[in-house]
Amino acid sequence: MIEEITNPDEVEARIQKLRLLEALLFASADPLDEETLAGRLGPDANVPALLNELRAHYAPRGVNLVRTGAGWSFRTAVDLAPLLRQEEEVSKKLSRAAIETLAIIAYHQPVTRAEIEAIRGVATSKGTLDILMENGWIRPGRRRETPGRPLTWITTDHFLDHFGLESLRDLPGVEDLRAAGLLDSRPVLLGIAGGGVEEPAATDADEDA
Amino acid sequence: MIEEITNPDEVEARIQKLRLLEALLFASADPLDEETLAGRLGPDANVPALLNELRAHYAPRGVNLVRTGAGWSFRTAVDLAPLLRQEEEVSKKLSRAAIETLAIIAYHQPVTRAEIEAIRGVATSKGTLDILMENGWIRPGRRRETPGRPLTWITTDHFLDHFGLESLRDLPGVEDLRAAGLLDSRPVLLGIAGGGVEEPAATDADEDA
Amino acid sequence: MAGEDFEEDRLTPDIAAEQLVLVLDGFEGPLDMLLALGREQKVDLTRISILQLADQYLAFIAEARKVRLELAADYLVMAAWLAYLKSRLLIPQIEDEEPSGEDMAAALAFQLQRLEAMKEASAKLFGRPRLGHDIFARGAPEDVDIQRKSVFQVTLYDLLKAYGEHKKRKENGVLYIEPVRLYSLEDAVQRLSEMLGRMPDWATLSSFLPDGVRGALLTRSALAAHFAATLELAKAGQVELRQDGAFAPIYVRRAQRQE
C-alpha cells in the first residue's frame with residue numbers, strides 16, 4: 001500500500017495524511033478539488049499521489065473514489081447500481097394538513113370525517129385520508145350508530161410501529177405537550193405571577209365542539 | 001481477508017456481498033439496522049459476520065464502521081476530530097437546563113418530568129423537553145403505572161449515534177453512579193420544588209367534538 | 001400616595017439589587033444555588049457542613065430581602081426549610097418527631113450529591129466527540145432510500161408538533177379580556193397552597209406576601225387577598241392560624257394531620 005518510503009516516521013505521517021484525506025472526502029457534501037484538499041492536508045502533502053493511492057485502494061471495493069470535473073468524491077460502485085436501486089420512489093414530505101389530520105385521528109379516535117372537519121375548522125381535501133390509508137397508518141373503524149351511520153377512522157398497529165409507540169396510551173397527553181413546550185400556553189395576563197410559582201395547570205378541556 | 005473459504009465461487013460471492021454491504025452503508029447518512037441490511041443482502045448472507053469483517057477492515061482507516069443501538073453506519077474516525085472540526089456556524093447553543101435535563105433522562109431513564117424536577121430542584125421550563133425532542137434525542141416512553149399514570153421520557157437511538165455510544169451501558173461513569181446509589185430518581189426531600197408529587201392525571205382525550 | 005412610592009424607590013439600593021439579580025440569574029433554582037455554595041466549602045460533598053450551608057443560604061436570602069429583591073417562591077420555601085432544619089439540628093430532639101434533623105440533613109446532602117453527579121455526567125456527555133461537530137456522517141448520501149418503511153418522512157415530533165400547533169391556534173382564537181390589576185383571591189390561595197405544602201413550621205402571614213409588588217392598590221389587594229386566602233384555607237381545614245394579641249402578627253402553618 002505504501003510505496004518507496006522506508007523511514008518509519010515518514011510512513012506514519014503518510015498514513016495519517018491518507019486517513020485525513022479519506023475522512024475529508026467522505027464527509028464532504030460536494031466533490032473537493034485538489035487545491036482545497038492541499039489546503040487541508042498541509043504544504044508537505046503530495047495530493048495527487050495520495051489521491052491515486054486512495055483510488056487504487058478503493059477500486060475493487062463497493063465504494064470508489066471518482067473524479068468529476070475538477071473535484072474528487074466517493075461514489076458507490078457503478079456495477080452495484082441495480083442492486084442498490086430497488087425501488088425508485090423518492091421519499092416525500094407529508095403535507096401539513098395530512099400530519100394534522102393524522103394527529104387528530106390519533107388523539108380523537110374513533111372519529112368521523114365530519115368530526116375531523118369540525119375540529120380542524122376546514123374541509124378535509126379528498127386525498128388526505130387516502131394518503132394516510134395508503135401508508136397503512138389509519139383504517140376504517142366501526143360505523144357510528146347515529147343517523148347516516150357515518151364511518152369512523154382509527155389508527156393501525158403500523159401507525160404505532162412507525163412512530164415508535166408501544167400503545168396509544170403512550171401518546172403524550174395535552175398537559176404533557178404543554179409541559180414539553182409543544183403547545184404554548186395562552187398568554188399570561190395576570191398582573192402578578194408569584195415569582196417562580198408555576199403557572200396553575202391550565203384546564204385541558206377545550207372549547208371545541 | 002476472507003477466511004476458511006476456498007471454493008473460488010464462494011469467495012467471489014462473499015466479496016460481492018461485502019461490496020454491496022459497503023455500498024449500502026456508504027450511501028446512507030443514517031444508521032441501518034441488521035434486519036434492513038439482511039433484507040437487501042438476501043437470505044444466504046451472514047450479516048453479522050460480514051459486518052464484523054467490514055468493521056475490522058475499516059478500523060485503522062480514516063472512516064470507521066460503528067454501531068449505535070441497533071444501527072450500523074460509517075463515521076469519520078474519532079482521532080481525526082481536531083483536524084476535521086470546522087469553524088461551526090454558530091450552532092444553536094443549548095441552555096444549561098437542557099443539557100442537564102438530557103443527562104438526567106439518559107442516566108435515569110425511564111424518568112418522569114416530576115422526577116427530573118425533583119433531581120434538579122426546579123421546575124422544567126417550557127421548551128426544554130421540546131428542544132431535546134426536536135433534536136431527536138428523546139422521546140416519550142411508556143406511562144408509569146402509578147397514580148396519574150405520568151408519561152416517562154427515554155433517549156433514542158439517534159442520541160447514541162450523536163454521542164458516539166454503542167449502547168446506554170457506554171454512558172460515561174454509569175456503573176460507578178449506579179453503584180454509588182446516585183441513579184435513584186426518587187424524590188427524597190419534602191420541601192424542595194417538584195417534591196415528587198406527580199401532577200394530577202392529565203386527561204388525555206379531550207372533549208372535542 | 002405617588003409621593004410615598006417615589007420615596008421608597010429612591011431609597012432602594014438599586015445597584016446592590018442588580019448585583020444580586022445577576023448572581024441569582026446564574027442559578028437554576030435554589031438547589032443549584034446550594035450546590036454552588038457547598039462547593040465553596042472545598043470539601044467532598046459527603047462531608048459537607050449542612051449547618052454552615054444553611055447559614056450561607058439564609059444570609060444570602062436576608063441580603064436579597066434587604067434590597068427588596070423579588071425572590072421566587074422556591075427560594076423562600078427553601079429558606080424556610082433550611083431555617084427549620086437548622087433549628088432541628090441545634091435544638092435537642094423532640095422524641096416523637098420524624099424525621100430527625102440528621103435524617104433531613106442527610107437527605108439534603110444526598111440531593112446535592114445527586115445533582116452534582118448529573119452535572120458532571122452532562123459535562124462528560126457533551127465533552128464526548130459529537131456527530132456533526134467532531135465526527136461526521138457521509139456528507140453526500142446517495143439517493144437510495146434503503147431504510148424506507150414508508151414513503152413519507154414523518155417523525156413523532158412532527159406529529160406532536162402538528163397537534164400542539166392545532167391546539168394553540170384554537171386557544172388563540174378565544175378573546176381574553178385583560179383583568180383589572182388586583183391581586184386575586186385565587187392567586188393568593190394558589191400561592192399559599194404552593195408554599196405552605198412545603199413550609200415546615202409557623203411563619204408570619206406577611207412573609208408570604210410577594211416582594212416587589214408595586215403600587216399601593218396592588219399591595220393592599222395582595223395583603224387582603226392573602227388574608228382572605230388564609231381564612232379560606234383554614235375553613236377548608238388546610239391551615240392553622242395563630243395570633244397572640246390584637247394587631248399582633250398573624251402566623252400560619254399547614255394543618256397538622258392527626259393520626
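Letters A, B, ... are given to chains in the order of the sequence lines, protein chains preceding strands, and every chain is numbered from 1. All values derive from a computational prediction rather than experimental measurement.
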Contact origin within B/Leu83 toward chain C - heavy atom pairs under 4.5 Å: neither

Partner chain C: residue of B/Pro82, B/Pro172, B/Pro140 with the largest heavy-atom pair count (under 4.5 Å): B/Pro172

Contact leader toward chain B among C/Gly29, C/Ser122, C/Ala123, C/Gly139, where contacts are heavy-atom pairs under 4.5 Å: C/Ser122

Chain C interface, residue from B/Val174, B/Leu183, B/Ile104 that has the most non-hydrogen pairs under 4.5 Å: B/Ile104

Stepwise side-chain contact (heavy atoms from CB on, under 4.5 Å) check, B/Leu102 with C/Phe126: CA-CA 10 Å; B/Leu102 180 61; C/Phe126 280 84; 3.7 Å; yes

CZ (B/Arg142) with more than 12 external heavy atoms under 6.0 Å: no

Residue part contacting chain C, namely of B/Asp176, when any heavy atom lies under 4.5 Å: neither

Spacing of C/Glu116 atom CD and B/Leu182 atom CG [to the nearest 0.5 Å]: 10.0 Å

Backbone N/O of C/Phe136 and side chain of B/Thr76: donor-acceptor pair under 3.5 Å: yes

Reported CG-to-CD distance for the pair C/Leu125 and B/Glu100, which is rounded to 0.5 angstrom: 12.5 Å

More than 12 heavy atoms of other groups within 6.0 Å of B/Glu35 CD: no

Side-chain (C/Arg130) to main-chain (B/His162) donor-acceptor, under 3.5 angstrom: no

Nearest-0.5 Å distance that lies between atom CD in B/Glu117 and atom CG in C/Leu31: 13.0 Å

Residue pair B/Asp130 / C/Tyr157, side-chain heavy-atom distance below 4.5 Å: yes

Atom group of C/Leu156 that falls short of 4.5 Å from chain B, counting heavy atoms: side chain

Min side-chain heavy-atom separation B/Ile119-C/Gln111 under 4.5 Å: no

Check: B/Arg96 and C/Asp32 side chains under 4.5 Å, non-hydrogen atoms: yes

Reported CG-to-CG distance for the pair B/Leu84 and C/Asp134, which is rounded to 0.5 angstrom: 9.0 Å

OG1 on B/Thr68 to CG on C/Leu131, rounded to 0.5 Å: 9.0 Å

For the student: nearest non-hydrogen atoms of C/Ala137 and B/Ala29, plus distance: CB-O, 3.8 Å

C/Lys124 and B/Leu171: CA distance, side-chain angles, deciding distance, side-chain contact (heavy atoms from CB on, under 4.5 Å) verdict: CA-CA 9 Å; C/Lys124 278 189 201 149; B/Leu171 281 171; over 6 Å; no

Contact class of C/Leu35 relative to chain B, heavy atoms under 4.5 angstrom: neither

Shortest non-hydrogen contact between C/Ile135 and B/Arg75, atoms and distance: CG2-CB, 3.5 Å

Side chain, backbone, both or neither of B/Phe163 within contact of chain C (heavy atoms, under 4.5 Å): both

C/Arg138 side chain near B/Phe26 side chain, heavy-atom distance below 4.5 Å: yes

C/Arg114 side chain vs B/Asp184 backbone, donor-acceptor pair below 3.5 Å: yes

Nearest-0.5 Å distance that lies between atom CD1 in B/Ile116 and atom CE in C/Met118: 11.5 Å

